[in-house]
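In what follows, chains are A, B, ... by sequence order, proteins preceding strands, each numbered from 1. Nothing here was measured: the structure is a model prediction, and the numbers come from that model. Both backbone and side-chain heavy atoms feed into the values below; hydrogens, waters and symmetry mates do not.
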Amino acid sequence: MDNNSDIFFEGLNPQQIEAVKYTDGPLLIMAGAGSGKTKVLTHKIAYLNREFNVPLSNILAVTFTNKAAAEMKERVQNLVNPAAKSHDNWILTFHSFGFKMLKMYADKLGYDKNFVVYDSSDQLALVKQIMADFEIDVEQFKPKSILYQISKAKNSFDLPEQFLQRANTDVLQVAAKVYAEYQMRLRQNNAMDFDDLLLNMVLLLKQEKEILEKYQNKFEFILIDEYQDINMPQYHISYMLSAKHRRMFVVGDTDQNIYSWRGANLQNILNFEKDFPDAKVILLEQNYRSTSNILDIANSVIINNKLRKKKNLWTNQEKGDEACFFIAQNDYDEAENAAKKVKALIEKGSTLSEIAFLYRTNAMSRVIETILLQHNIKYRIYGGLRFYDRKEIKDVMAYLKLILNYKDDVAFQRVVNVPSRKIGKLTLLKVQEKALEKGVSCFEAVDLLEEVRGHAALLSFKELIVSFQQDYAQEELSAAEIIDRVINRTGYKEMLMAESNLEARARIENLDELKKSAVEQNYSLDDFVSMSTLLTSQDETGDVEDVLTLMTMHTAKGLEYDHVFLFGLEEGVLPHVQSMDAPDEIEEERRLCYVAVTRARKKLFLSASSNRGSYGSTTPKELSRFFYEMPAELLKVEFSDRLSGFNHIVEKLSAKPEYNLTAPDRKGTFFTRDYEDESSKKVVLDYKVGDIVRSGAFGDGVVVQVFSSGKDMSLQIRFGKEMKLVMPKYGKLEKA
DNA sequence: AAGAGGCCTCTTTTT
DNA sequence: GAGGCCTCTT
């Protein structure tokens with residue numbers, strides 16, 4: 001196969017072909033957005049398999065998301081010989097790789113092999129428990145930020161002792177103390193958190209030379225996707241495993257490094273050529289995805305970053321449409337505009353599945369969802385409130401975890417009194433004391449308890465769990481059957497039925513859904529529980545209906561759509577408030593903006609809102625600095641006709657001649673709006689500076705400034721410390 | 001012991 | 001605006 005006419009190489013450019021064929025040693029592929037890196041990876045795996053007869057079981061290919069792994073797996077299956085399809089398949093995410101290995105060798109680290117994986121709310125519960133035991137003031141030190149510090153330490157490969165030594169502030173010292181205990185209790189509970197799946201794997205490979213050697217030999221080729229987002233434990237894992245064959249192929253784009261808050265360390269990709277001095281480097285700079293207008297917008301944003309490896313992404317695609325930039329009065333208005341544009345696209349022949357709405361924070365989806373529901377536009381939301389985060393699901397999962405692993409105190413605490421078994425706080429406290437005293441789990445401590453009130457209830461709870469354990473052991477029941485028994489025999493379903501309201505009914509439906517997915521997947525209980533914890537909602541296999549996609553900009557990485565809507569191009573949103581102080585964090589926000597823009601194939605719709613609600617109140621917003629970094633001539637700026645009265649964004653923008661503002665009369669009456677169009681009731685607007693007013697939403701305030709123009713009026717009002725811009729018409733104001 | 005009601009914090013981003 | 005957590009009442 002030394003010619004490019006082979007159908008296998010059809011559609012690949014010379015650099016891509018070189019990247020696929022190179023097998024002599026370490027290889028770094030710097031691949032810009034849309035340059036076909038997934039294609040290179042999948043073709044490479046297939047090439048190794050077909051040309052060199054490397055079995056798939058000897059190729060390790062790691063990605064970051066389950067979605068990417070699944071897609072890669074599927075594409076590889078289509079490229080290799082059907083005979084080569086293997087069950088010993090190692091195309092997976094880093095976390096599931098860690099999980100798979102630890103399932104086999106957890107005992108080497110002092111764990112039982114039936115350990116469970118804690119998700120973030122289990123983690124938080126454990127941290128809170130420890131802080132309570134240590135009598136640490138949770139007002140002064142927030143459990144969440146302590147957990148954040150712990151996770152950050154683990155992702156930087158900082159073990160408790162080192163972390164303590166380096167802890168030079170109050171918070172860090174507290175975190176270090178909790179961290180050490182946290183790790184101990186995880187072990188006691190026979191549980192690992194997400195970070196442990198990587199961390200413990202490193203410890204395993206460092207500690208067990210034989211295991212390390214076995215897998216060094218096994219994995220003749222190691223491929224890693226999104227290498228710019230690799231953290232320290234992941235780095236150690238790949239480095240150790242590739243030490244023997246030294247055939248490590250990594251693909252990455254420094255401009256798409258958006259997970260540094262999770263420990264992703266850009267140095268790892270920048271140091272690749274130092275780690276492997278004989279590394280070959282291939283650049284993929286041709287973008288096959290987007291129109292040149294979209295690419296120009298993306299490029300002119302990203303060039304403002306100081307910390308980057310210069311590269312120039314180009315395309316020979318046509319210019320395409322100009323991007324729309326819509327300026328809305330508020331977030332509802334913003335969503336409304338997007339919904340209208342979607343309808344127009346559909347009328348022109350697009351399908352919903354070719355459209356994505358991207359936003360910076362999950363909370364922003366709420367308003368968008370409201371509007372989409374109103375417009376009857378079907379959508380699917382990725383991330384946000386996950387299926388597995390729902391209370392009823394977590395409850396049932398806690399039962400399952402306890403059945404598998406009675407040492408799991410977090411699970412025990414969660415369900416011991418759900419549904420109510422009349423076991424109170426006091427009784428549980430005694431259980432905990434006893435467990436601590438005897439050094440056993442809560443579950444075991446139940447037997448050791450002297451006569452206390454509620455002891456009978458505790459014993460029967462324990463019996464119930466034991467009976468499930470026996471069912472599982474003797475009959476080898478599937479996950480679906482166990483779930484069914486748990487829901488019915490614990491009285492959980494009965495409890496929900498008794499509530500007989502809409503919410504309870506939805507919960508029952510969710511439980512049915514859980515059971516259904518267990519039936520479909522036909523997993524054992526053990527596998528079901530671990531898969532569910534590792535899976536996030538973005539991986540849930542849903543119907544492949546024609547629906548609009550909603551997700552955060554982070555989640556969108558690696559995906560592409562014909563039409564992409566980006567919401568909230570505002571200071572404080574993108575870039576996010578919490579990233580606005582540090583220059584390097586601004587750069588990460590800029591990369592995020594770059595990632596978001598480059599998701600679009602054909603047309604980009606951007607928007608910003610003059611006011612945005614958050615935490616239940618509304619505050620004025622300024623246009624994002626990234627807006628001004630985009631070439632004005634490539635943006636068609638549109639103003640909402642709901643913009644009214646005084647508007648800081650419009651004022652600012654109107655002063656800039658480079659923005660070709662096509663609004664009919666932007667100098668005067670443009671800002672005004674006739675209320676009577678929308679309302680049959682005529683409203684008398686009579687306010688002056690100094691008036692005391694009462695608002696349904698904000699309470700009492702004083703009018704600081706009046707903006708009026710034509711029939712329109714807005715008021716600047718001070719409510720306590722907060723300044724608001726309120727339109728009397730909409731603001732439900734009355735004079736106090 | 002359990003439910004109701006009020007207060008408070010909270011929102012980056014995810015495996 | 002929502003969910004968690006505390007307190008108060010039954």
Visitor: Rounded to whole Å, how long is the line connecting atom OH of A:Y118 with atom C1' of B:dT14?
Guide: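 Taking atom C1' of B:dT14 as the reference, OH of A:Y118 is at 20 Å.
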Visitor: Please state whether the phosphate of B:dT13, meaning OP1 or OP2, lies under 4.0 angstrom from any side-chain nitrogen or oxygen of A:N362.
Guide: yes
Visitor: Quick check: does any side chain N or O of A:T427 sit under 3.5 Å from a backbone N or O of A:I423, one acting as donor and the other as acceptor?
Guide: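 Such a contact is absent between A:T427 side chain and A:I423 backbone.
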Visitor: With the side chain of A:S420 defined as its heavy atoms from C-beta on, choose the nearest nucleotide among B:dA2, B:dT13, B:dT11.
Guide: B:dA2
Visitor: So which one's nearest nucleotide on DNA chain B is more toward 5', A:E585 or A:D195?
Guide: A:E585
Visitor: Of all the nucleotides listed (B:dT15, B:dA1, B:dT12), which has the minimum atom distance to the side chain of A:Q578?
Guide: B:dT12
Visitor: Whether A:R366 contacts C:dG1 is assessed here as follows: a side-chain N or O lying under 4.0 Å from the phosphate OP1 or OP2. Is that the case?
Guide: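 A:R366 to C:dG1 OP1/OP2: side-chain N or O found under 4.0 Å.
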Visitor: Would you tabulate the pairs of protein nitrogen or oxygen atoms and nucleotide nitrogen or oxygen atoms of nucleotides 4-7 of chain C closer than 3.5 angstrom?
Guide:
unit_1, atom_1, unit_2, atom_2, d
C:dC5, OP1, A:K128, NZ, 2.5

Visitor: Specify the residue among A:R421 and A:Y615 whose closest nucleotide of DNA chain B lies further upstream toward the 5′ end.
Guide: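 Here A:R421 is the residue nearer the 5' end.
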Visitor: Kindly determine whether A:F115 and A:F99 satisfy ring pair (Phe, Tyr, Trp, His ring centres under 6.0 Å), including the steps that lead there.
Guide: CA-CA 10 Å; A:F115 69 87; A:F99 181 77; 5.7 Å; yes
Visitor: Taking the side chain as C-beta and beyond, is there a heavy-atom pair between A:M553 and A:V595 under 4.5 Å?
Guide: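 Not touching, per the 4.5 Å side-chain cut-off.
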Visitor: Would a line drawn from the ring center of A:F64 to the ring center of A:H95 be shorter than 6.0 Å?
Guide: no
Visitor: Check the geometry between A:H95 and B:dT15 and answer yes if their rings are stacked (centres below 5.5 Å, planes below 30°), otherwise no.
Guide: no
Visitor: Whole angstroms only, please: what is the CD-P distance between A:E571 and B:dT12?
Guide: 17 Å
Visitor: A:E589 has a side chain; which of B:dT11, B:dT14, B:dT12 sits nearest to it?
Guide: B:dT12
Visitor: Name the stems with DNA chain B in them: runs of three or more consecutive Watson-Crick or G-U pairs, distances under 3.5 Å?
Guide: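 Stem list for DNA chain B: B:1-10 with C:1-10.
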Visitor: For the side chain of A:R360, starting at C-beta, report the closest nucleotide among B:dA2, B:dA1, B:dT13.
Guide: B:dT13
Visitor: Measure the distance from CZ on A:F194 to C1' on B:dT14 and round it to the nearest whole Å.
Guide: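 It is 9 Å, rounded to the nearest whole Å.
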Visitor: Measure from OH on A:Y259 to C1' on B:dT15 and round the result to the nearest Å.
Guide: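 Rounding to the nearest Å, OH of A:Y259 and C1' of B:dT15 are 9 Å apart.
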Visitor: Return the value, rounded to whole Å, for the distance between atom NZ of A:K144 and atom C1' of B:dT14.
Guide: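 Value for this atom pair: 14 Å.
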Visitor: I'd like to know whether the aromatic ring centres of A:F461 and A:F412 sit less than 6.0 Å apart in this structure.
Guide: yes
Visitor: Verify the contact: side-chain N or O of A:T552 to OP1 or OP2 of B:dT13, cut-off strictly under 4.0 Å; return yes or no.
Guide: no
Visitor: Send over the distance from A:L358 CG to B:dT13 P, rounded to a whole Å.
Guide: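 In whole Å, B:dT13 P lies 14 Å from A:L358 CG.
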Visitor: Establish, with yes or no, whether the OP1 or OP2 oxygen of B:dT14 is under 4.0 angstrom from a side-chain nitrogen or oxygen of A:N155.
Guide: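 So the side chain of A:N155 is outside the cut-off, no N or O lying under 4.0 Å from OP1 or OP2 of B:dT14.
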Visitor: Base, sugar-phosphate or nothing for A:N417? Non-hydrogen atoms, less than 4.0 Å.
Guide: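 It contacts sugar-phosphate atoms only.
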Visitor: Just how far, in rounded Å, is P of B:dT13 from CD1 of A:I586?
Guide: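 A:I586 atom CD1 is separated from B:dT13 atom P by 17 Å.
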Visitor: Hey, is the side chain of A:T427 poking within less than 4.0 Å of OP1 or OP2 on B:dA1, counting only N and O atoms?
Guide: yes
Visitor: Taking C-beta and beyond as the side chain, do A:R262 and A:N231 meet within less than 4.5 Å on heavy atoms?
Guide: no
Visitor: Measure across A:N155 and A:G263 and return the closest heavy-atom pair with its distance rounded to 0.1 Å.
Guide: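 Of all heavy-atom pairs spanning A:N155 and A:G263, the closest is CB-CA, 4.1 Å.
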Visitor: For residues A:D408 and A:A411, report the shortest heavy-atom separation together with the two atoms involved.
Guide: OD1-N, 3.0 Å
Visitor: Indicate yes or no: at least one non-hydrogen side-chain atom of A:R380 is less than 4.5 angstrom from one of A:L550.
Guide: no
Visitor: Starting from P on B:dA1, measure out to NZ on A:K422 and report it in whole angstrom.
Guide: 10 Å
Visitor: Would you check if A:K493 and A:L511 make a side-chain contact, meaning some heavy-atom pair closer than 4.5 Å?
Guide: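 Side-chain contact under 4.5 Å: no.
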Visitor: If only side-chain N and O atoms of A:S579 are considered, is one of them under 4.0 Å from the OP1 or OP2 phosphate oxygen of B:dT12?
Guide: no
Visitor: Does some side-chain heavy atom of A:V301 sit less than 4.5 Å from a side-chain heavy atom of A:R590?
Guide: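 When only atoms from C-beta onward are counted, A:V301 and A:R590 do touch, with a gap below 4.5 Å.
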Visitor: Across the strands shown, which category fits A:F94 at heavy-atom distances under 4.0 angstrom: base, sugar-phosphate, nothing?
Guide: nothing
Visitor: Taking only side-chain N and O atoms of A:T555, does any of them lie within less than 4.0 angstrom of OP1 or OP2 on B:dT14?
Guide: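 It does, given that an N or O in the side chain of A:T555 lies less than 4.0 Å from OP1 or OP2 of B:dT14.
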